[in-house]
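Reckoned from all heavy atoms, side chains included, excluding hydrogens, waters and symmetry mates.
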Amino acid sequence: MIIAANLKTNLTREKTTKYIKEVENFLSKNSISQEVFVFPAISSLNLHAGKIVVGAQNAYPAINGAFTGEIGYEQLEEFGIKTILIGHSERRHIIGETQEELVEKFNFYKNLGFKIIYCVGEPLNVREAGFEKMMEYISKQYEGIDCNYENLIIAYEPVWAIGTGLTPTVDDIVAIHKELKKKSSAPLLYGGSVKVTNAKEVLALDGVDGVLVGSAALYAEHFCTMCEYAQALGK
């Protein structure tokens with residue numbers, strides 16, 4: 001089971017350091033053996049050694065260069081970062097990253113051997129168009145992506161559920177994960193309003209190999225509880 005926290009544009013460096021320390025202590029104290037990832041804000045990246053794998057929420061597909069406002073591999077290397085989120089819905093729909101740009105980024109960091117959590121998902125209007133249309137939409141997000149990459153993890157996040165408190169039914173999650181499993185044998189996470197009150201149920205579903213948690217992960221104690229749920233399920 002894989003438990004990942006996307007802290008987005010939250011927590012200062014000081015608060016992030018405290019957060020990671022608290023989670024690390026919990027994992028060690030409770031002998032948690034599941035894979036645990038934390039993706040801090042870029043300004044809060046730091047060298048870290050422990051059970052937690054710290055990753056980058058985003059980076060430009062370049063070693064370095066004239067890319068104002070971006071960071072590249074050189075900056076990630078300084079902090080020992082070898083894990084990255086690519087394709088998150090907020091990058092697609094708010095920042096405006098295209099599939100072509102995401103493929104370029106994917107290939108760049110794949111060639112560097114990064115662990116990649118690649119996100120896919122649909123907005124509400126697509127979901128309301130029916131299951132077939134929804135799967136067609138999501139399938140396009142796989143175009144150009146090496147689904148057999150050995151360091152790939154895929155996260156399915158229904159865009160309409162992120163930060164809204166809404167979630168698909170358990171039957172919907174199982175059905176979607178079943179279809180997405182046909183596209184890649186990579187571990188498949190669920191994301192989209194995952195919180196401490198529903199994480200145990202979601203983690204137990206067929207085809208769910210873990211969760212990618214957003215705002216609910218900002219509370220270290222809640223995130224730790226989700227790690228404990230994953231450990232207890234022993235998938």
Side-chain angles (χ1 to χ4, degrees), residues 1-59 69-71 75-91 94-95 109 114-119 151 153 155 157 161-165 167 187 189-203 208-233:
M1 295 292 283
I2 298 166
I3 312 297
N6 178 13
L7 303 183
K8 306 188 180 184
T9 311
N10 295 293
L11 304 186
T12 61
R13 177 183 293 273
E14 180 182 0
K15 289 179 179 178
T16 300
T17 300
K18 181 180 177 182
Y19 176 98
I20 289 176
K21 183 177 180 180
E22 184 175 340
V23 177
E24 276 288 357
N25 288 340
F26 179 87
L27 298 181
S28 297
K29 182 180 178 181
N30 293 277
S31 301
I32 303 295
S33 59
Q34 309 301 321
E35 286 188 87
V36 178
F37 295 87
V38 173
F39 295 88
I42 294 298
S43 64
S44 297
L45 291 179
N46 214 335
L47 285 168
H48 177 73
K51 291 178 176 290
I52 294 171
V53 175
V54 175
Q57 295 176 18
N58 176 58
E70 296 283 352
I71 64 168
Q75 288 75 42
L76 298 183
E77 187 180 35
E78 179 181 12
F79 298 115
I81 303 297
K82 292 288 288 184
T83 303
I84 188 170
L85 276 178
I86 294 178
H88 192 279
S89 64
E90 290 159 4
R91 299 293 307 177
I94 298 176
I95 307 301
Y109 286 100
F114 269 55
K115 177 83 74 173
I116 297 173
I117 296 186
Y118 181 72
C119 304
N151 284 324
I153 297 169
E157 296 190 307
I162 297 173
T164 64
T167 56
L189 314 184
Y190 173 75
S193 287
V194 177
K195 44 191 177 290
V196 72
T197 54
N198 65 10
K200 189 173 185 178
E201 181 180 34
V202 171
L203 286 165
V208 175
D209 301 314
V211 289
L212 175 58
V213 190
S215 59
L218 293 176
Y219 303 95
E221 63 272 25
H222 288 186
F223 186 61
C224 289
T225 298
M226 295 182 210
C227 294
E228 193 172 29
Y229 287 159
Q231 181 79 4
L233 285 167

Using the test side-chain hydrogen bond (donor to acceptor under 3.5 Å, both in side chains), find all partners of Tyr19 that sit at least two apart in sequence or belong to another chain.
none

For Glu22, enumerate each residue passing the side-chain contact (heavy atoms from CB on, under 4.5 Å) test, keeping only those at least two apart in sequence or located in another chain.
Ala220, Glu221

Considering all heavy atoms, the nearest Ile32-Lys51 contact:
O-NZ, 3.7 Å

Mind checking the CD-CD1 spacing from Gln34 to Ile3? Nearest 0.5 Å is all I need.
7.0 Å

Any heavy-atom pair between the side chains of Tyr109 and Leu76 that's under 4.5 Å?
yes

Ile117 and Ala4 have their tightest heavy-atom pair at CD1-CB, 4.3 Å

I'd like to check the side-chain contact (heavy atoms from CB on, under 4.5 Å) partners of Asn25; sequence neighbours left out, ordered by chain and number.
Lys21

For Leu47 and Glu78, the nearest pair of non-hydrogen atoms, with its separation, is CD2-O, 3.5 Å

Between atom CG of Leu27 and atom CD of Glu228, what is the distance when rounded to the nearest 0.5 Å?
10.5 Å

Of all the heavy-atom pairs spanning Ser31 and Gln231, show the shortest one and how long it is.
O-NE2, 3.3 Å

For Phe79 and Asn46 the tightest heavy-atom approach is CD2-CA, 3.7 Å

Can you measure from CZ (Arg91) to CG (Asn58) and round to the nearest 0.5 angstrom?
3.5 Å

Checking side chain to side chain contact (heavy atoms under 4.5 Å, CB included) against Val213, which of Leu189, Leu7, Val194, Asn6 comes through?
Val194

Residue list, side-chain hydrogen bond (donor to acceptor under 3.5 Å, both in side chains) with Glu35, at least two apart or on another chain:
none

Taking every non-hydrogen atom, the tightest pair across Phe114 and Thr83:
CD2-N, 3.5 Å

Quick one: pull up CG in Leu203 and CG in Leu233 and give me the separation to the nearest 0.5 Å.
6.0 Å

Flag if over 12 foreign heavy atoms under 6.0 Å of NZ, Lys15
no

Got Val54 and Ile81 here, is their nearest side-chain heavy-atom distance under 4.5 Å?
yes

In chain order, what residues pass the side-chain hydrogen bond (donor to acceptor under 3.5 Å, both in side chains) check against Glu201, with sequence neighbours excluded?
none

Students often mix this up, so state it plainly: with edges at 30° and 60°, are the rings of Phe39 and Phe37 parallel, tilted or perpendicular?
parallel

State the NZ-OG distance between Lys195 and Ser215, to the nearest 0.5 angstrom.
8.5 Å

Identify, with sequence neighbours excluded, every residue that meets side-chain hydrogen bond (donor to acceptor under 3.5 Å, both in side chains) alongside Glu24.
His48

Validation row: Met1, Tyr229 side chains within 4.5 angstrom (heavy atoms)
no

Applying the side chain to side chain contact (heavy atoms under 4.5 Å, CB included) test to Cys119, which of Ile86, Leu212, Ile153 qualifies?
Leu212

Is it the case that the side chains of His88 and Gln57 hold a donor-acceptor pair, with the cut-off being a distance below 3.5 Å and no angle test?
no

